[in-house]
Amino acid sequence: MEQERRPVIFSGIQPSGELTLGSYIGAIKNWVELANDYDCYYCIVDMHAITVRQVPADLRRRTVEQLAQYIACGLDPQKNTIFIQSHVPAHAELAWILNCYTMFGELGRMTQFKDKSAKNAENINAGLFDYPVLMAADILLYQADLVPVGDDQRQHVELTRDIAERFNGVYGDVFRIPQTFNPKVGARIMSLTSPENKMSKSDKDPGGCIYIMQKPEDIMRSFKRAVTDSETCVRYDPVNKKGISNLMQIYSVATGKSFETIESEFTGRGYGEFKPAVGEAVVEMLRPIREEATRLMADKAYLESVYREGAERAAHTAARTLRKVQKKVGFIPR
Ligand code: TRP
């Protein structure tokens, strides 16, 4: 008898920079429990990364670092399939086929393509244009139901649905139609220096963003300099007190305390005490992650075994979809 199918989650992560506190609290931390109810695939998308120029040695290092950091954040490689995109050739193979079911005009309308073309005017390559089709292949190969992504990727998931529906319209039910997925509300972490913007590694002010691998003293410095307001009371008010509310959000996640508890803890104590307290809580939350990631980075054999096994499992699932697609479009089976 066939096993009952659990819903599938697929997400891709570009190995293009350091993981931030925002991505830990807003995404990765919530992914850990998903493995109980879903079949989860987390793909380190090195093929997407080369749509902008990369230094090869840096790309290699960051790909492995990212894997180590995900495991250190609690993503169990036994319960989740974590793998490197270029290790599963089916992604490139399906992307080619899907190219022939994607319109030039559709790709030209993608806002990320327009943004990136403006930023990389000297290198508007075909890969940058075609990026969303490779992403569609990533998602559709695994028959994903849910795709946890930030707002900037919603349009790409929409396009994935359009491509899948177009293909299904011609050949019958080949692809499951995926949806974007926002696990929980609330945990959207903002920049420490401009709390009206999301915490981001592309923040121009380095103090606005915290990285999970950052040294405790650097983390403390950023929190002590965090932007607040002209009052002195620690009170949750995300409209008028954006900076303080963001710090309360972070402190709440790091300590498990409710906003009411935090408000009474800091009654009459002012920001001068609150800000370093948040910094310390974050340092303590990240300490075990940083230590574990550092330990894992020294264990190359283990990391290798994780990405090899991940690629093997992923390739097995991907091959089933790819074979079906190849047959539908009229390729001769090998
Ligand atoms: N484009 C995504 C980003 O930059 C990364 C990505 C690639 C992705 N393939 C994916 C995300 C598939 C979700 C599903 O964030």
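In listed order, ligands and their atoms are each counted from 1. Values below: all heavy atoms of this structure, side chains included; hydrogens, waters and symmetry mates excluded. Note that the coordinates shown come from a computational prediction; the quantities given were computed from them, not determined experimentally. Starting from 1, each residue takes its place in the sequence as its number.
Other residues, nucleotides and ligands contribute more than 12 heavy atoms inside 6.0 Å of the NZ atom of Lys300.
At a threshold of 4.5 Å between side-chain heavy atoms, the hydrophobic network of Ile, Leu, Val, Met, Phe, Trp and Tyr places Leu159 and Leu146 in two separate groups.
Looking only at distances, no side-chain donor or acceptor of Asp218 sits under 3.5 Å from a matching main-chain atom of Gln214.
Nearest-heavy-atom check against atom 7 (C) of ligand 1 across Met47, His48, Gln85 picks out His48.
Within ligand 1, the atoms closer than 4.0 Å to a non-hydrogen atom of Val147 are 13 (C), 14 (C), numbered from 1 in the order shown. Interface of Val45 with ligand 1, defined as ligand atoms under 4.0 Å from a residue heavy atom, comprises 7 (C), 9 (N). In the vicinity of Val149, heavy-atom distances shorter than 4.0 Å reach the ligand 1 atoms 11 (C), 13 (C). Of all atoms in ligand 1, numbered sequentially from 1 with element shown, those under 4.0 Å from a heavy atom of Gln14 are 4 (O).
Listed by first then second residue, pairs satisfying side-chain hydrogen bond (donor to acceptor under 3.5 Å, both in side chains) with a partner in residues 46-57 read Asp46-Ser86, His48-Gln85, Gln54-Arg62, not counting sequence neighbours.
Ranking protein heavy atoms by distance to atom 4 (O) of ligand 1, first place goes to Tyr131 OH, 3.0 Å. In terms of protein heavy-atom proximity, atom 11 (C) of ligand 1 is nearest to Gly12 N, 3.3 Å. Scanning all protein heavy atoms for the shortest distance to atom 12 (C) of ligand 1 gives Phe10 CE2, 3.5 Å.
The distance criterion of under 3.5 Å between nitrogen or oxygen atoms is met by Asp138 with respect to ligand 1. Not one N or O of His156 is nearer than 3.5 Å to an N or O of ligand 1, by distance alone.
With hydrogens and angles left out, the side-chain atoms of Thr81 and Tyr142 include no donor and acceptor closer than 3.5 Å. For the residue pair Asn240/Asp237, the side-chain donor-acceptor check at 3.5 Å is satisfied. In summary, the side chains of Tyr211 and Tyr24 do not present any donor paired with an acceptor at a separation below 3.5 Å, with no hydrogens or angles considered.
Summarising the geometry, atom OG1 belonging to Thr160 is positioned 9.0 Å from atom CG belonging to Leu98; distances are rounded to the nearest 0.5 Å.
Contacts between Ile139 and ligand 1, counted as non-hydrogen atom pairs separated by less than 4.0 Å, involve the side chain only.
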